[in-house]
Amino acid sequence: MGLGVALEIARRFPRQRLLVLEKENGIARHQSGHNSGVIHSGVYYKPGSLKARLCVKGAAAMVEFCREHGIPHNVCGKVIVATRIEELSGLAELKNRGEANGLKGLRVISSEQLREIEPHATGLRALAVPSTGTTDYALVSEKYAELITANGGTVLSSAGVRGIMRKTNEIVVETPRGAFSTNFLINCAGLYSDRISRMAGDDPGMMIVPFRGEYYDLVPERAPLVRSLIYPVPDPRYPFLGVHFTRRVTGKVDAGPNAVLALAREGYRHSDINGHDIASLFSFPGFWRMAGQHWRNALSEWHRSISKAAFVQALQRLLPEINSTDLVPGTSGVRAQALKPNGSLADDFQFVPSGKVLHVINVPSPAATASLMIGKAVVDMAAESLGLS
Ligand SMILES: Cc1cc2nc3c(=O)[nH]c(=O)nc-3n(C[C@H](O)[C@H](O)[C@H](O)COP(=O)(O)OP(=O)(O)OC[C@H]3O[C@@H](n4cnc5c(N)ncnc54)[C@H](O)[C@@H]3O)c2cc1C
């Protein structure tokens, strides 16, 4: 997001001095480099929401960007498969949503038609979504950084923000690479966006909760079981899409991700535990409200996380031929999901202006897809509310 926003500033305001501060010693070391690489079509999101609007336009812009800059991508389409009778109404609802969001070519197909697209998948019916694609967002991020630098901006790594001082005519940002004075500050710190917001003296009114997504890889001999992307019908109560199969641009097929509460903001493994992160989560009233409402689902996600058999069982609903020996442990990523004090997960993207500072607080999936359009939306807002010109 930071790079997407900075690229838009560099293009629209070439005379502004622009600095991107990154705490790691390289870019895309967290969510943007640990995701499924899907260019989402926009079928899932509530019509009129920022997610819907920015994803549909963002997907087209992402495909165009990849084409223009020679980044591997593949508009392969996907199928969302209903495997239980009670999921059929959800499938019809997704088609309605997608059409309301302006998607073309959506088709509810029979199980026979599903087999023409994905010969090994089974289901009662499916929704074929032709505009979904895949790319590699780490490469996209690298290209954003390259273009920012070419347009006169600077991307400074190993420069984690440690303090923010708001003075009358300037904002001073402290990092291990020095203190920087600026007129405008845009916070796109992903898993730490709420903490950076507090560091700037603001109350984001939300807490970022880390949800780890774990993947298995299909062994290469079994990768031909999946031609493109096979998804379940998602549970509408959650912003996560359910474990699915993704054929990456490299040809590798992975299965996942699940959604398990991580015990550290950058908790990529079970053993990653951070006392400060846990304490701040447990002291947030919204956490206990969320836990009270969703503990059953949380337990079954944990079970699926520690039991390969349970993970495989979820996948077999989509692809019955899959078995445990076809899968080997893959990577993981951690989603930054904003939680409200009432215990609900923030559904839409959230951009919160405060004086000369703008906080990009909740940008979970499909934000990688929508990153060019989020960049435009955030810079529009910055131009208006921060007076950036
Ligand atoms: C498992 C998983 C699967 C996903 N699949 C998809 C998908 O298929 N398609 C899709 O569109 N989206 C997907 N997403 C969502 C997408 O990856 C994210 O929405 C997007 O990458 C968010 O970008 P970001 O810049 O906000 O966060 P990040 O990529 O995490 O970047 C935040 C940056 O801020 C830096 N930072 C943090 N604190 C500081 C500090 N104090 N000072 C300086 N820098 C700091 C971090 O080091 C990091 O580089 C997925 C996410 C996950 C985790």
Side-chain angles (χ1 to χ4, degrees), residues 1-9 28 30-32 34-36 38-62 65 97-98 100-103 137 140-141 144 185-197 200 202-211 213 234 236-241 259 265 286 290 333-342 344-354 357-386 388:
M1 287 315 105
L3 295 169
V5 169
L7 178 58
E8 181 63 19
I9 293 174
H30 295 290
Q31 297 174 89
S32 304
H34 285 90
N35 57 35
S36 299
V38 175
I39 303 176
H40 285 294
S41 62
V43 73
Y44 296 108
Y45 316 112
K46 205 162 146 193
S49 63
L50 281 172
K51 276 190 179 174
R53 288 187 283 127
L54 300 179
C55 180
V56 174
K57 284 190 182 163
M62 184 57 66
F65 184 86
R97 275 199 171 189
N101 291 340
L103 298 195
Y137 290 112
V140 169
S141 304
Y144 287 175
L185 179 68
I186 303 182
N187 158 22
C188 302
L191 286 151
Y192 292 96
S193 59
D194 57 341
R195 291 214 183 136
I196 295 287
S197 156
D202 293 319
D203 174 9
M206 283 175 261
M207 162 147 299
I208 294 295
V209 180
F211 284 100
R237 290 173 300 163
Y238 303 103
F240 314 120
L241 301 179
R265 294 231 177 174
M290 175 182 76
V334 185
R335 307 171 183 87
Q337 172 63 53
L339 173 67
K340 297 185 192 169
N342 68 4
S344 65
L345 298 174
D347 193 31
D348 210 357
F349 299 146
Q350 308 271 341
F351 314 138
V352 186
S354 156
V357 182
L358 178 59
H359 303 289
V360 175
I361 295 286
N362 190 52
V363 276
S365 186
T369 301
S371 50
L372 289 164
M373 295 315 294
I374 292 177
K376 285 191 197 303
V378 167
V379 176
D380 283 349
M381 201 176 210
E384 197 178 303
S385 65
L386 309 192
L388 184 66

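In this chain, numbering begins with 1 at the start of the sequence shown. On a predicted model such as this, the values are computed, not experimentally measured, just so you know.
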If we ignore hydrogens and angles and just use 3.5 Å, is the side chain of Asp202 paired with the main-chain N or O of Pro204 as donor and acceptor?
no
Does Asn187 use its side chain to pair, donor to acceptor, with the backbone of Val357 at less than 3.5 Å?
no
Can you name the closest pair of heavy atoms from Pro366 and Phe349 and give their distance?
CD-CZ, 3.8 Å
How far does CG of Leu339 sit from CZ of Phe211, to the nearest 0.5 angstrom?
7.5 Å
Nearest 0.5 Å, please: how far is OH in Tyr238 from CG in Leu345?
8.5 Å
Inter-residue atom distance Ser141.OG - Leu7.CG, 0.5 Å rounding
11.0 Å
Do Ser365 and Arg335 touch side chain to side chain, with heavy atoms closer than 4.5 Å?
no
What are the two closest heavy atoms between Met1 and Ala368, and how far apart are they?
CE-N, 4.2 Å
Show the nearest heavy-atom pair for residues Ile196 and Ala189, with the distance to one decimal.
CG1-CB, 3.7 Å
Looking at Tyr44 and Pro236, would you say the former's side chain and the latter's main chain have a donor-acceptor pair under 3.5 Å?
no
Residue pairs passing the salt bridge (charged side-chain N to carboxylate O under 4.0 Å, His left out) test where at least one lies in residues 363-377, sequence neighbours excluded:
Glu8-Lys376
Tightest non-hydrogen contact, residues Asp194 and Met207, listed as OD2-CA, 3.6 Å
If only atom types and distance count, is the side chain of Arg97 paired as donor or acceptor with the main-chain N or O of Val43 below 3.5 Å?
no
Closer than 3.5 angstrom, by distance alone: can the side chain of Asp348 be matched with the main-chain N or O of Leu50 as a donor-acceptor pair?
yes
Considering all heavy atoms, the nearest Asn101-Gly42 contact:
ND2-O, 2.9 Å
How long is the gap from CE on Met373 to CE on Met62, to the nearest 0.5 Å?
11.0 Å
For Asp347 and Pro239, indicate whether the former's side chain and the latter's backbone hold a donor-acceptor pair under 3.5 Å.
no
CD1/Ile374 to NZ/Lys57 distance, rounded to the nearest 0.5 angstrom?
13.5 Å
So do Val56 and Leu103 actually touch side chain to side chain, heavy atoms under 4.5 Å?
yes
Which pair of non-hydrogen atoms, one from Gly190 and one from Gln31, has the smallest distance, and what is that distance?
CA-NE2, 3.8 Å
Side-chain (Ser197) to main-chain (Ser193) donor-acceptor, under 3.5 angstrom:
no
According to side chain to side chain donor-acceptor pair (under 3.5 Å), who are the partners of Arg53, at least two apart in sequence or on a separate chain?
none
Within the structure provided, determine whether Val5 and Leu358 are in side-chain contact (heavy-atom separation under 4.5 Å).
no
Looking just at side-chain N and O atoms, do Ser371 and Tyr144 make a donor-acceptor pair shorter than 3.5 Å?
yes
Indicate yes or no for a side-chain donor-acceptor contact from Thr369 to the backbone of Cys55 under 3.5 Å, with no hydrogens or angles considered.
no
CG on Asn362 to CD on Gln337, rounded to 0.5 Å:
5.0 Å
